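A quick write-up on the structure given underneath.
If you're wondering where the values come from, they're calculated on a predicted model, not measured in any experiment. Residue numbers start from 1 in every chain, and the chains themselves are labelled A, B, ... in the order their sequence lines are given, proteins ahead of strands.
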Number of protein chains: 2
Amino acid sequence: MDVEKITVLLVDDHAWVRGSVAQALSLADDIEVVGQAANGEEGVKKAKELSPDVVVMDLDMPVLGGVEATRQIREAVPSTQVLVLTVSESESDLFAAMAAGAKGYLLKNAGADDLHTAVMHISQGGVLVSPIMATTMLTQFTEVETKAPKIETGLSAREEEVLQSVAQGASNKEVGAELFITENTVKTHLRNIMEKLHVANRSQATAYAVRAGLYREPDRPTAS
Amino acid sequence: MDVEKITVLLVDDHAWVRGSVAQALSLADDIEVVGQAANGEEGVKKAKELSPDVVVMDLDMPVLGGVEATRQIREAVPSTQVLVLTVSESESDLFAAMAAGAKGYLLKNAGADDLHTAVMHISQGGVLVSPIMATTMLTQFTEVETKAPKIETGLSAREEEVLQSVAQGASNKEVGAELFITENTVKTHLRNIMEKLHVANRSQATAYAVRAGLYREPDRPTAS
DNA sequence: CGCCAAATCACCCGAACGGGCGATTACGCT
DNA sequence: AGCGTAATCGCCCGTTCGGGTGATTTGGCG
């Protein structure tokens with residue numbers, strides 16, 4: 001496993017950054033810097049030529065930014081993983097980079113050890129994010145998870161059940177059958193629901209329910 | 001920095017797993033396993049007592065699952081980071097764990113090196129995910145970024161306009177007024193729409209429209 | 001032990017909906 | 001010139017909705 005070194009391409013518009021990163025990585029005998037580029041465009045070009053295991057990518061660059069360069073590299077050379085090495089602690093930069101296909105996000109204050117660890121882990125396809133940005137990134141998940149279970153609807157448990165059925169397109173009678181109550185009761189519930197949600201009809205109630213995540217994934221919106 | 005070893009608590013219902021993990025971690029001189037637990041409940045308890053730097057957590061456990069245990073530990077002892085070590089390659093497990101506050105997600109086929117790297121990185125608050133699960137996780141981001149454009153509805157332009165109005169809760173008459181056509185025409189369009197979408201009523205059509213992104217953000221699902 | 005919210009059911013009535021059927025105009029493609 | 005599709009409108013009819021009003025039961029809460 002140590003016959004083949006991990007090949008790395010450095011992309012950064014500051015020569016001295018490339019120099020210090022190259023030096024830091026050279027300390028390890030399992031990594032080899034096979035190329036360097038001074039901007040995104042050049043980085044994409046060299047990545048296509050060299051097909052390195054890992055590209056260490058800066059974000060703020062002239063000609064072609066790191067995010068777009070990452071996207072192009074990931075598309076053209078899927079086997080190449082991208083590790084973003086930047087000074088930006090911006091949430092949007094982090095998200096944009098990850099969405100573009102970057103597997104790692106390290107801040108430039110990281111030590112040589114961190115850098116080495118990151119390159120090794122990223123080369124295997126793993127995901128690695130700097131401590132400072134970690135919480136930011138995980139917020140994404142907590143939000144996604146939170147944004148489905150319980151959104152305070154102000155509705156009672158029973159009302160939510162009714163709304164759920166309604167949102168699936170059931171008529172009052174069908175809802176009643178499903179919940180073992182009379183159509184009359186369903187109507188009463190629905191009237192209360194509509195009042196509480198300030199909507200005028202079952203379509204708006206349905207729209208609300210879907211948006212609130214009160215669905216059960218009946219069928220994917222993939223029109224036939 | 002090497003006077004103080006990284007303290008680790010192992011939580012796994014299989015004793016031999018704890019044993020092998022403990023052995024693997026002991027190879028490093030910068031990590032010390034300070035405790036073990038056989039289930040989530042016990043894990044939470046010991047985490048509160050020991051306040052370890054890192055908890056290596058299994059997911060599938062009796063009494064109290066790893067996800068819930070993670071949530072409780074993260075809440076009770078914020079300084080303690082959680083690294084999930086599991087056999088599950090399930091997307092939902094990954095998401096649930098990360099949402100619960102786990103900072104790392106490693107598969108049990110990881111090597112001793114990987115484990116050591118992970119513990120060290122997680123101890124500093126970083127995020128680290130196994131190669132196999134990396135793509136899965138990043139899908140979250142690409143989806144969030146991609147999710148919006150045009151979903152092929154199969155409907156004509158006019159039909160989409162009608163559906164859009166309907167999804168906002170308009171009656172046939174109101175839709176007609178909005179689009180300068182008769183209620184009869186609206187009904188015809190809507191009948192065609194329902195047939196094309198294979199739905200039975202306007203509520204299902206509405207649900208479809210909302211899911212397909214054919215909305216105009218009327219009001220946030222934040223019940224008053 | 002009263003009070004209230006939640007859940008249950010009932011009746012009535014006008015308006016809206018869903019479906020079946022038919023029809024005209026306009027535009028593009030062959 | 002002929003054909004298909006989209007868009008437009010009409011009528012009829014049975015079902016469903018939405019709203020108004022009233023009533024009973026159950027479970028908590030003070």
Side-chain angles (χ1 to χ4, degrees), chain A residues 150-212 214-215 218-219 221 223-224, chain B residues 150-212 214-215 218-219 221 223-224:
Chain A
K150 309 155 194 168
I151 288 184
E152 207 38 77
T153 55
L155 302 179
S156 72
R158 200 53 164 168
E159 286 167 346
E160 282 203 7
E161 290 183 280
V162 171
L163 178 54
Q164 194 165 334
S165 282
V166 169
Q168 280 167 26
S171 69
N172 291 339
K173 189 177 295 183
E174 289 169 334
V175 174
E178 195 174 316
L179 300 180
F180 305 106
I181 53 181
T182 335
E183 184 187 345
N184 289 311
T185 306
V186 175
K187 288 178 67 176
T188 303
H189 280 313
L190 194 48
R191 263 182 274 117
N192 295 332
I193 290 170
M194 291 193 288
E195 192 181 354
K196 284 187 181 176
L197 299 184
H198 302 300
V199 297
N201 53 49
R202 63 175 47 215
S203 275
Q204 286 178 4
T206 296
Y208 179 96
V210 173
R211 279 192 253 262
L214 247 47
Y215 52 79
D219 44 44
S224 71
Chain B
K150 306 159 194 168
I151 294 182
E152 202 41 73
T153 57
L155 301 179
S156 74
R158 199 52 164 170
E159 286 166 345
E160 283 203 7
E161 290 182 279
V162 171
L163 177 55
Q164 193 163 333
S165 281
V166 168
Q168 283 167 25
S171 68
N172 291 339
K173 189 177 294 183
E174 290 169 334
V175 174
E178 197 175 315
L179 300 180
F180 306 106
I181 53 180
T182 334
E183 185 187 345
N184 290 310
T185 306
V186 175
K187 287 179 68 176
T188 303
H189 279 313
L190 194 45
R191 262 182 273 119
N192 294 331
I193 290 170
M194 292 193 289
E195 191 180 353
K196 282 188 182 178
L197 299 184
H198 303 300
V199 298
N201 53 49
R202 63 175 48 217
S203 276
Q204 286 178 3
T206 297
Y208 180 96
V210 173
R211 280 193 251 262
L214 247 48
Y215 51 79
D219 44 43
S224 73

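- The interatomic distance linking Asn184(A) (CG) with dA6(C) (P) rounds to 20 Å, in whole Å.
- Across all strands shown, Asn192(A) has no heavy atoms under 4.0 Å from either base or sugar-phosphate atoms.
- Each of Leu179(B) and Leu190(A) lies near DNA chain D, and the nucleotide nearest Leu179(B) is the one positioned closer to the 5' end.
- Across the interface with DNA chain C, nearest-nucleotide mapping of Lys187(A) and Arg158(A) shows Arg158(A) to be the residue nearer the 5′ end.
- Across the protein-nucleic acid pair, Glu183(A) atom CD and dC11(C) atom C1' stand 12 Å apart, rounded to whole Å.
- Residue Ser203(B) comes nearest to Gly169(A) through the heavy atom pair CB-CA, 4.1 Å, listed as atom of the first residue, atom of the second, then distance.
- Residues Arg202(B) and Met194(B) come closest through the heavy atom pair N-SD, 4.1 Å.
- Ranking dA7(D), dC17(D), dG19(D) by closeness to the Ser171(A) side chain, first place goes to dC17(D).
- We find the CG-CD distance between Leu197(A) and Gln204(A) to be 10.0 Å, quoted to the nearest 0.5 Å.
- Between the Thr182(B) side chain and the Thr185(B) main chain, no donor and acceptor come within less than 3.5 Å of each other.
- Across all strands, Thr185(B) comes closer than 4.0 Å to base atoms (heavy-atom distances).
- When the C1' atom of dG18(D) is taken as reference, atom CG of Leu197(A) falls 15 Å away, rounded to whole Å.
- The side chain of Arg191(B) lies closest to dG10(D) when the candidates are dC9(C), dG10(D), dA16(C).
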